[in-house]
Student: 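Got a structure here, written out as structure tokens. Questions coming.
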Number of protein chains: 2
Amino acid sequence: MKNPSPAVSCGSCSVRKLCLPTGLADEEVEQLEQITRNKKTLKTGDLLFRAGDPFSCLYAIRSGSFKSAVIGADGDSQITHFALPGELLGLDGYSGSEHPSYAEALEDSSVCILPFTQLEGLAQKVPALQKQIYTIFSEELKQENDVLLLLGKRSAEMRLAALLLNISSRYARRGYSACEFVLSMARMDIANYLGLTAETVSRLFSRFQKQGLIDVRGRAVAIIDLVALSELAGTHCSYES
Amino acid sequence: MKNPSPAVSCGSCSVRKLCLPTGLADEEVEQLEQITRNKKTLKTGDLLFRAGDPFSCLYAIRSGSFKSAVIGADGDSQITHFALPGELLGLDGYSGSEHPSYAEALEDSSVCILPFTQLEGLAQKVPALQKQIYTIFSEELKQENDVLLLLGKRSAEMRLAALLLNISSRYARRGYSACEFVLSMARMDIANYLGLTAETVSRLFSRFQKQGLIDVRGRAVAIIDLVALSELAGTHCSYES
DNA sequence: CGGGACTTTGATCTACCTCAACCGCGGTGG
DNA sequence: CCACCGCGGTTGAGGTAGATCAAAGTCCCG
């Protein structure tokens, strides 16, 4: 369990540029490493934290992926986002001092543990870190706004197209192929996230395939016609590339 | 336009306990007042900021109310929240340095202007203020998660019931009646926010009235059966009061 | 090789949307 | 002062996207 010897090294972490250290000087990154001594590994299906757990830490994803979801009063849950390496989990637990959502590993994963009290203290001394925390909070708000737009106004096919493009761009940002990737989540998770049913999602995958937009083999997806998919999603992005 | 003489006084503000000063010592509140020199008044329909405007300030609502919305690539918009006095607008603009959403006054309103650079600087020196900023960010994330649950999984009637209860509790928190209030937004705004159409919302109001849950007279709403409405919303809250 | 979870596909059903008409009210100008 | 207009809200009839129910098919891991 305890693993104090090989301290976490942000400097050599593959997702350094997407994570908290962004914008920090080398010496500041070292200070950050001081409070990020522990990491944790999880297997597929393991929970990183449960709804109701006391809030004390943030988690930075080193590898793998997670789904994060809130649970309604009647027990059913809504996935609020899929988290990839470099992203932070647990931000919504700060107020109220307990996690309102839970986070589950979608594949074998590892995270850095960031005790928030210490992170807060360091941010007090390091303006660049404080800025970065604000940025991450704000970024997450912005993303959730976009999902609200998706759920409130978009058709099923627009939602799925938008999700595929979103995942594609996030893989691309980490240096992987923007056009070929393996989804780590089940159809049902995608459906839940998009406010649809697994059947509808499955039908859409088939349809996109038939239309020559993508090539699907189970969870492996290859995007064939990025432009057409973008038009379907209603976002005029990803052009001129 | 400029109104330097009567500086904003957080100490005597009616929403002090809901706003940034929460948890600050008197002397710290004074420091906060130093950077909150200007306020701004808006008439119904005025925009506080537009999508794409450069981000430089947060706005604390003193009186009135706002709707905040994001605009999709195809021009249609999704209202992401209704903001009441004591609440902060503009948080999602920090990252990327321009506002991704716009905020429009739903009635004659006034706001405090908080230059974020200065607020940031003060937070660096005042830990309690930094904590409060984190809290507000986190609270907003939590609320958006709840709305995601609403849009993803709930029926039209659950959505409207939940919105009415939400507004009711927010009025109550400010010392107003939890059971009688006048909505400041049009039916169409409610519909947009809830991912429905104005017609559906109108029908639901009529139905709730017929069922004896509420009494509606235009935008004036009186909640008659709070418990039944809570059950409809699927939240087992607001009991034992 | 077997079992269970995940996925696909088909047939039917329904909640909500769309289109359309009507009402009520506040403002505006003659 | 009243007729007119326009916007917001209500109500009705009919259509449809996506849900639900049901049944194979497929993959993966023990």
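Throughout, a chain's letter reflects where its sequence line sits, starting with A, and its residues are numbered from 1. Keep in mind the model is a prediction, meaning the values are calculated, not measured.
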Student: Flag yes if more than 12 heavy atoms outside A/Met188 fall under 6.0 Å of its CE atom; otherwise flag no.
Tutor: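 No.
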Student: Choose from C/dC16, D/dG8, C/dC6 the nucleotide whose nearest atom is closest to any side-chain atom of A/Ala186.
Tutor: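 The nucleotide sitting nearest to the side chain is C/dC6.
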Student: Starting from P on C/dC16, measure out to NZ on A/Lys153 and report it in whole angstrom.
Tutor: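 It works out to 15 Å between those atoms.
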Student: Quick check: are there more than 12 heavy atoms from other residues, nucleotides or ligands sitting under 6.0 Å from CD of A/Glu180?
Tutor: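 12 or below, so no.
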Student: Return the 5'-most residue of the pair B/Arg187, A/Glu157 with respect to DNA chain D, ranking by each residue's nearest nucleotide.
Tutor: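 It is B/Arg187 whose nearest nucleotide is closer to the 5' end.
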Student: Taking atom types as modelled and ignoring hydrogens, do the side chains of A/Thr44 and A/Asp108 form a donor-acceptor contact shorter than 3.5 angstrom?
Tutor: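 Yes, because at least one side-chain N or O of A/Thr44 sits under 3.5 Å from a partner of the opposite role on A/Asp108.
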Student: I want to know whether A/Tyr176 and A/Phe181 have ring centres closer than 6.0 Å.
Tutor: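 No, too far apart.
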Student: Whole-Å distance between D/dA19 C1' and A/Asp76 CG?
Tutor: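 So the two atoms are 15 Å apart, to the nearest Å.
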Student: Below 4.0 angstrom from OP1 or OP2 of C/dA15, is there any side-chain N or O of B/Ser155?
Tutor: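 No.
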Student: Tell me: CG of B/Leu160 to P of C/dA15, nearest whole Å?
Tutor: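 Interatomic distance, CG of B/Leu160 to P of C/dA15: 17 Å.
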Student: Measure the distance from CG on A/Asn192 to P on C/dT7 and round it to the nearest whole Å.
Tutor: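 From A/Asn192 CG to C/dT7 P: 13 Å.
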Student: Determine whether the aromatic ring centres of residues A/Tyr59 and A/Phe49 are separated by less than 6.0 angstrom.
Tutor: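 They qualify: ring centres under 6.0 Å apart.
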Student: Starting at atom CE of A/Met158, determine the distance to atom C1' of D/dG18, rounded to an integer number of angstrom.
Tutor: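 About 16 Å, once rounded to whole Å.
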Student: Hey, does A/Arg219 reach any base, or is it just sugar-phosphate, or nothing, if we go heavy atoms under 4.0 Å?
Tutor: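 Counting heavy atoms under 4.0 Å across all strands, the contact made by A/Arg219 is with sugar-phosphate only.
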Student: What is the separation between atom CG on B/Leu183 and atom P on D/dG8, rounded to the nearest whole Å?
Tutor: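 Distance, rounded to whole Å: 15 Å.
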Student: Specify the separation, in whole Å, of atom CE of A/Met185 and atom P of C/dA5.
Tutor: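 Going from A/Met185 (CE) to C/dA5 (P), I get 21 Å.
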Student: A quick test of your reading: do over 12 heavy atoms of other residues, nucleotides or ligands sit less than 6.0 Å from CZ of A/Arg50?
Tutor: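 Not buried by this count: 12 neighbours or fewer within 6.0 Å.
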Student: Please determine which of A/Ile79, A/Asn192, A/Ile190 meets the side chain to side chain contact (heavy atoms under 4.5 Å, CB included) test together with A/Met185.
Tutor: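 With A/Met185 as partner, side chain to side chain contact (heavy atoms under 4.5 Å, CB included) holds for just one option, A/Ile190.
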Student: For a quick check of understanding: with a heavy-atom distance under 4.0 Å over all strands, which category does A/Gly195 fall into, base, sugar-phosphate or nothing?
Tutor: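 A/Gly195: backbone/sugar contact only, no base atoms under 4.0 Å.
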Student: At a heavy-atom distance below 4.0 Å, what parts of residues 198-212 of chain A sit against DNA chain D?
Tutor: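 Contacts with DNA chain D under 4.0 Å: A/Glu199, A/Thr200, A/Arg203.
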Student: Whole Å only: how far is the CE atom of A/Met188 from the C1' atom of C/dT8?
Tutor: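 Nearest whole value for this atom pair: 15 Å.
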